[in-house]
Amino acid sequence: MKPEQDNYIQIRGLTFYRGDRVIFNNIDLDIPKGKVTGIMGPSGTGKTTLLRLIGAQLKPDAGQVIVDGQNLNQTGRDELFHIRSRMGMLFQSGALFTDLTVFENVAFPLRVHTHLPEVMIRDIVLMKLQAVGLRGASQLMPSELSGGMARRVALARAIALDPDFIMYDEPFVGQDPVAMGVLVNLVRMLNDALGLTSLVVSHDLSETASIADYLYLLADGHVIGQGSPDELLASDDPRVRQFMKGIPDGPVPFHYPAADYRHELLGDLS
Ligand SMILES: Nc1ncnc2c1ncn2[C@@H]1O[C@H](COP(=O)(O)OP(=O)(O)OP(=O)(O)O)[C@@H](O)[C@H]1O
């Protein structure tokens, strides 16, 4: 295991249930500082749930989530507010405010969380928009943006408060290849240029593998694989191979558990 001080986030023995269903069963996971870490896994394995546990929007049933040395189980409201203010989040559905310009969307967190004078807000917003290549679009309304541009504006908004850590939930979904390439580069470039720690949840294997320093593969409540993208691609584990090679059926079955098909179709006639 990596030395603890190198991890922005440490997760130890995390268990989380939805009703009777165990989503995480005693998992350990480290998010190293300054790196891009990818979380991958089949649909419904709990990737978004993991981001919510890290953001302290959900509480674990057992185990610990330690963010920058602070155990979220033991933090009061004020500390939690401070920790959260160090986190940027880019959710797939992270819609922009439709009645605000691009500029005002990016300025929003600055207006809510700081008392900076207008002239500084302006400079920061223009810097963040410049970083995502959209300074020229500052006066447009969200309805005038392409999907890829909207996501870049959301990214500028997510970095407005200079977070230490940024979480991306499915950042590449629904993008054309060019917009996807732009976003992929931005995630990596911003991580390195701003000294961030990034966590990317994604189904897009090749894009995520191309920027992540380290990948975790989740399935059935467990970490079933971890390592550099090359290590995971070379894995002999059948479950890891199935996911990394995109094979539709295998140890992770294509079919949700169901009654016998023939019997269900023919009923008592069979
Ligand atoms: N509010 C909720 N109440 C009950 N169950 C939930 C709730 N939110 C999510 N779940 C269940 O928890 C499981 C994990 O959901 P989650 O959205 O974290 O998965 P995911 O890996 O992000 O999926 P996808 O890749 O499809 O987005 C799913 O089975 C889902 O049905």
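For ligands, and for the atoms within them, numbers begin at 1 and follow the listed sequence. Here, residue 1 is the first one in the sequence, and each next residue gets the next number. From a predicted model like this one, the values you see are computed outputs, not experimental measurements. Values reported hereafter were calculated over all heavy atoms of this structure, with side chains retained and with hydrogens, waters and symmetry mates removed.
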Check: Does Gly41 have a non-hydrogen atom less than 4.0 Å from ligand 1?
Finding: no

Item checked: Protein contact of atom 16 (P) of ligand 1 - nearest heavy atom, named by residue and atom, plus distance -> Thr49 OG1, 3.6 Å

Margin query: For ligand 1, which is the ligand I care about here, please tell me if Gly44 has any N or O atom under 3.5 Å from one of the ligand's N or O atoms.
Written below: yes

Margin query: Could you check whether any side-chain N or O of Asn191 sits under 3.5 Å from a backbone N or O of Val187, counting only pairs where one atom can act as donor and the other as acceptor?
Written below: no

Notebook entry, point to check: Do other residues, nucleotides or ligands put more than 12 heavy atoms under 6.0 Å from Phe97 CZ?
Noted result: yes

Check: Taking everything shown except His113 itself, do over 12 heavy atoms lie less than 6.0 Å from its NE2?
Finding: yes

Next item on the list: Report the nearest protein non-hydrogen atom to atom 5 (N) of ligand 1: residue, atom name, distance rounded to 0.1 Å.
Entry: Arg18 CD, 3.4 Å

Notebook entry, point to check: Between Arg135 and Gln130, does any side-chain donor sit less than 3.5 Å from a side-chain acceptor?
Noted result: yes

Notebook entry, point to check: Going by the atom numbers of ligand 1, which of them fall below 4.0 Å from some non-hydrogen atom of His203?
Noted result: 25 (O)

Next item on the list: Give the contacting part of Ile23 toward ligand 1: side chain, backbone, both or neither, where contact means a heavy-atom distance below 4.0 Å.
Entry: side chain

Margin query: Just by distance, no angles: are the side chains of Asn26 and Thr15 close enough, under 3.5 Å, to form a donor-acceptor pair?
Written below: no

Check: Do Asp123 and Lys128 pass the salt bridge (Lys or Arg N to Asp or Glu O under 4.0 Å) test, and can you show the C-alpha distance, the side-chain angles, and the key distance before you say yes or no?
Finding: CA-CA 9 Å; Asp123 286 354; Lys128 302 303 172 184; over 6 Å; no

Margin query: If we only consider heavy atoms of Arg21, is any one of them less than 4.0 Å away from an atom in ligand 1?
Written below: yes

Item checked: Atom CZ of Arg86 with >12 non-hydrogen neighbours under 6.0 angstrom -> yes

Check: Take atom CG in Asp78; do more than 12 heavy atoms of anything else shown fall under 6.0 Å from it?
Finding: no

Check: Among protein heavy atoms, which sits nearest to atom 19 (O) of ligand 1, and what does the distance come to when rounded to 0.1 Å?
Finding: Gly46 N, 3.2 Å

Note to self: Please list the nearest protein heavy atom to atom 25 (O) of ligand 1 with its residue and the distance rounded to 0.1 Å.
What the structure shows: Lys47 NZ, 2.7 Å

Next item on the list: Tell me which protein heavy atom sits closest to atom 27 (O) of ligand 1, plus the residue, atom name and distance to 0.1 Å.
Entry: Thr48 OG1, 4.1 Å

Next item on the list: Write out the residue and atom name of the closest protein heavy atom to atom 26 (O) of ligand 1, then the distance separating them to 0.1 Å.
Entry: Ser43 OG, 2.5 Å

